[in-house]
Amino acid sequence: MASRPAEQIPRTTGVPTERFERIRLQEWRVDDPRREIVLGSGAPDWFSLSESANVQRIKEGESRTVWRVRTSQATIYAKVYVIDSWRARLKQRILGSPAVREWRSLSQAVESGVPVVSPVACGAWFGQPRQVALLTEEFEGALRLPDICSRDVQSEQNDSQREAICGIVDAVACLFAVAHERGFVHRDNHPNNILVRHRQGAQYEARFVDVLGASHKNRPANRGESTRALAQLNHATRRLCTRTQRWRFLHSYTKHRTSLGKSGKPELKRLARKVLHAAKKHADVLAKRRDRRLRGDGKYFASLCLQNGWSAKVVLQAERPDRFPTGGFENLSVEQWRAKLQNWLEAEWRTSGLEQEEFGNGFCLERAKPGSWLGKIAWTMRGSPHRIAFRACHRQRHRDIPADFILAYAEHRRFGLMDESLLILANPRK
C-alpha cells in the first residue's frame with residue numbers, strides 16, 4: 001500500500017480569527033466566518049441544548065456534557081461544562097476556563113498544521129450555575145478509532161482487511177508523527193480521542209479530539225515526550241490491536257518522522273524498547289490511580305453508614321466490564337445499595353449460624369466473625385479479612401489480573417471493636 005508522505009497531510013481549516021461578543025449574560029469568542037452558525041437568528045441556545053431540536057446527547061459526565069447539534073449550515077459538537085462546585089470554581093480561577101484553554105490549544109494546533117477538529121467558538125454563561133462551552137465542527141464521516149476498526153477491519157473480507165488495517169495504522173502513525181514534529185503532544189492518547197475517516201481506496205485520515213491537556217512548543221517533541229505519548233497509545237490499544245499491528249504503527253511512525261527531515265530518524269528497535277518500558281510504567285501509574293478510588297467515594301465506589309453499627313463499602317459501577325466478567329451485575333446507586341444491604345442484614349439467615357447464603361439476582365453473601373477478643377482487636381486495627389479481600393480483588397483487576405468479582409463488604413462494630421463482617425460477591429465461590 002502506498003502511503004502519503006507526512007508533508008501531504010491535509011490541514012484543517014485556517015486559524016480561527018477571534019471575534020469577541022457579549023450578549024446579555026453570555027460572552028463569546030467566535031471564529032469570524034462561522035459567527036452566523038453560533039450567534040445567528042437560527043442558532044440554538046447553547047446553554048440549554050436539552051430543550052432544543054435536532055440535538056443529540058453524545059456523552060455525559062459529572063460536570064460535562066457533549067452534544068451533537070445539527071444546524072442548517074453545519075453539524076456542531078458542543079462540549080458544555082457546568083461550574084457548580086467550589087472545586088470547579090477554584091480550578092477555573094487558577095487554571096482558567098476549560099473551554100478557553102481547549103480553544104487556545106486547538107487554535108495553536110491549527111496554526112501549526114496539526115490535524116485536529118476545527119474550533120468554532122467558546123463561550124461562557126454567567127448565570128447560575130455558571131457554564132462554559134466549546135464548539136467544534138464535525139469531522140464529517142469520521143468515527144472514533146475503535147469504532148472504525150470494528151467497521152472496516154472486523155467486517156471486511158480477508159483480502160481487503162489487510163488494506164484497511166494498513167490504511168488505519170498509517171493514518172494514525174502519520175497523525176502522531178506530524179504532531180510531534182510540530183511540537184504538539186496530546187497528553188491523553190486514548191483511542192477514543194482519535195477520529196479516523198475513510199478517504200478513498202486504502203487511504204484514511206486521522207485527527208485529534210479532546211486536546212484540553214495537550215502541550216504545544218515551538219520545537220519538535222523530544223524523545224521523552226514522544227516516547228511517553230506513544231507508550232500511552234500502546235497501552236490503551238493492547239486489546240484493540242495485535243502486537244504485529246502495534247509494531248507496524250511504530251515502523252510507520254519512524255518513516256513519517258524521517259520524511260519530515262527535521263529531528264532525525266528514530267531507530268526503530270530502540271524506540272520499540274523504550275515504548276514498551278514506558279508503557280509498563282504508565283500501566284503502573286494508572287493502576288495506582290485506580291487504587292486511590294478505593295479510599296473514598298466517587299464514580300466507582302462509595303462508603304455507607306448503616307443502622308445498628310454497620311458500615312459498608314460498595315461498587316457503584318464495574319470498571320471495564322468488557323475485560324472482566326461481572327456475573328450479570330447491573331450498576332446500583334447508593335440508595336439501592338443501602339436498601340439491599342439493610343434487607344440482608346435484617347434477614348433471618350444471619351441468626352441461623354450459616355456462613356454463606358445465596359440471594360436472588362446472582363448475589364452471594366459470606367459471613368465471618370473473629371474467634372476471640374484478640375481477633376476483634378486485630379480486625380479493628382487492620383480491617384476485617386473481607387475488607388482485605390475486597391481491596392485485593394480490585395487491585396488485581398486494576399492490573400488486568402483476573403479475580404473473583406467482589407461487590408461489597410460490610411463490617412459491624414460493638415463498643416468500638418469489630419465483631420462481624422459480610423462479603424458480597426457476584427457469584428458463589430466454587
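Contact annotation: the side chain of His282 never approaches that of Arg228 to less than 4.5 Å [non-hydrogen atoms, C-beta and beyond]. Within the 4.5 Å cutoff, the side chain of Val178 has heavy atoms near those of the Pro115 side chain. Contact of the Val196 side chain with the Val172 side chain is registered, since non-hydrogen atoms from C-beta on lie closer than 4.5 Å. For the pair Ser118 and Arg207, the minimum side-chain heavy-atom distance is below 4.5 Å. Side-chain contact check for Val315 versus Phe405: some heavy-atom pair is nearer than 4.5 Å. A 4.5 Å side-chain heavy-atom check between Cys393 and Arg397 finds at least one atom pair inside the cut-off. The shortest side-chain heavy-atom distance between Val120 and Ile76 falls under the 4.5 Å cut-off. Contact of the Tyr409 side chain with the Ile424 side chain is not registered, since no non-hydrogen atoms from C-beta on lie closer than 4.5 Å.
Here NZ of Lys274 is found 9.0 Å from CG of Leu271. Values are rounded to the nearest 0.5 Å. The CZ atom of Arg162 lies 4.5 Å from the SG atom of Cys166; values are rounded to the nearest 0.5 Å. Rounded to the nearest 0.5 angstrom, Ile83 CD1 and Arg130 CZ are separated by 7.5 Å. Remark: Ser112 OG to Glu181 CD distance equals 12.0 Å, nearest 0.5 Å. Taking NE2 from His235 and CG from Leu230, the interatomic distance works out to 14.5 Å, rounded to the nearest 0.5 Å. Separating the CG atom in Leu134 from the CD atom in Glu102 is a distance of 5.0 Å, to the nearest 0.5 Å.
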Derivation of the side chain to side chain contact (heavy atoms under 4.5 Å, CB included) call for Ile168 and Ile148: CA-CA 9 Å; Ile168 294 171; Ile148 201 162; 4.1 Å; yes
Residue pair Gln56, Ile58: steps toward the side chain to side chain contact (heavy atoms under 4.5 Å, CB included) verdict: CA-CA 6 Å; Gln56 178 185 2; Ile58 301 298; 3.9 Å; yes
Intermediate values then yes/no, salt bridge (charged side-chain N to carboxylate O under 4.0 Å, His left out), Arg35 and Asp32: CA-CA 5 Å; Arg35 182 197 176 281; Asp32 199 29; over 6 Å; no
Test side chain to side chain contact (heavy atoms under 4.5 Å, CB included) applied to Lys91 and Arg87, step by step: CA-CA 6 Å; Lys91 188 175 181 179; Arg87 289 184 179 179; over 6 Å; no
Verdict with supporting geometry, Leu407 and Leu425, side chain to side chain contact (heavy atoms under 4.5 Å, CB included): CA-CA 5 Å; Leu407 298 176; Leu425 298 97; over 6 Å; no
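Residues passing the side-chain contact (heavy atoms from CB on, under 4.5 Å) test with Lys59, sequence neighbours excluded: Arg64, Val66. Arg395 pairs by the side chain to side chain donor-acceptor pair (under 3.5 Å) definition with nothing, not counting sequence neighbours. When the side chain to side chain donor-acceptor pair (under 3.5 Å) test is applied to Gln396, no partner is found at least two apart in sequence or on another chain. Residues meeting the side-chain contact (heavy atoms from CB on, under 4.5 Å) test with Arg101, sequence neighbours left out: Leu95, Pro98, Leu212.
Checked by atom type and distance alone, the side chain of Ser97 pairs as donor or acceptor with a backbone atom of Ala99 at under 3.5 Å. With hydrogens and angles disregarded, a donor-acceptor distance shorter than 3.5 Å links the side chain of Gln245 to the backbone of Thr242. Side chain of Thr237 to main chain of Leu240: no donor-acceptor pair is present (N/O by atom type, distance under 3.5 Å, no hydrogens or angles). Proximity of a side-chain donor or acceptor of Asn193 to a complementary backbone N or O of Phe208 within less than 3.5 Å is not detected. A donor-acceptor pair under 3.5 Å is formed between the side chain of Arg182 and the backbone N or O of Gly113. Between the side chain of His398 and the main chain of His394, a donor-acceptor pair closer than 3.5 Å is present. The main-chain N or O of Asn222 is found under 3.5 Å from a side-chain atom of Glu225 such that the two form a donor-acceptor pair. A donor-acceptor pair is defined here as one N or O able to donate and one able to accept, closer than 3.5 Å; such a pair exists between the side chain of His186 and the backbone of Asp210. For the pair Ser252 (side chain) and Arg248 (backbone), a donor-acceptor distance under 3.5 Å is absent.
Arg187 and Ser215 get closest at one heavy-atom pair: NH2-CB, 3.3 Å. Residue Leu422 comes nearest to His386 through the heavy atom pair C-ND1, 3.4 Å, listed as atom of the first residue, atom of the second, then distance. Taking every heavy atom of both residues into account, Pro119 and Thr136 meet most closely at CA-CG2, 4.3 Å. When all heavy atoms of Ser226 and Arg257 are compared, the closest pair comes out as CB-NH1, 4.2 Å. Nearest heavy-atom pair, Ala278 versus Thr227, reported as atom, atom and distance to 0.1 Å: CB-CG2, 4.1 Å. When all heavy atoms of Ala229 and Val185 are compared, the closest pair comes out as CB-CG1, 4.2 Å.
The neighbour count for His190 NE2, taken as heavy atoms of other residues, nucleotides or ligands under 6.0 Å away, is above 12. For Glu60, the CD atom sits in a packed shell: over 12 heavy atoms of surrounding residues, nucleotides or ligands are nearer than 6.0 Å. Other residues, nucleotides and ligands contribute at most 12 non-hydrogen atoms within 6.0 Å of the CZ atom of Arg270.
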Give every donor-acceptor pair under 3.5 Å between a side-chain atom in residues 37-48 and any protein atom, sequence neighbours left out.
residue	atom	partner	partner atom	Å
Asp45	OD1	Phe47	N	3.2
Asp45	OD2	Ser48	OG	3.4
Trp46	NE1	Val38	O	2.9

Enumerate donor-acceptor pairs with a distance under 3.5 Å from any side-chain N or O in residues 293-307 to protein atoms, sequence neighbours excluded.
residue	atom	partner	partner atom	Å
Arg293	NH1	Glu319	OE1	2.2
Asp297	OD1	Ser303	N	2.7
Asp297	OD1	Ser303	OG	3.3
Ser303	OG	Lys313	NZ	3.0

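Less than 6.0 angstrom separates the ring centroid of Phe176 from the ring centroid of His180.
Glu411 and Ser421 are not linked by any side-chain donor-acceptor pair at a separation below 3.5 angstrom, with hydrogens and angles left out of the test. Residues Asp170 and His256 have side chains that bring a donor and an acceptor to within less than 3.5 angstrom of each other. If you check the side chains of Ser105 and His216, you find no donor sitting under 3.5 Å from an acceptor. Residues Gln26 and Trp28 have side chains that bring a donor and an acceptor to within less than 3.5 angstrom of each other.
The existence of a salt bridge linking Asp147 and Arg144 is confirmed by a sub-4.0 Å separation between a basic side-chain nitrogen and an acidic carboxylate oxygen. A salt bridge is absent between Asp284 and Arg289: the closest approach of a Lys/Arg side-chain nitrogen to an acidic carboxylate oxygen does not fall below 4.0 angstrom.
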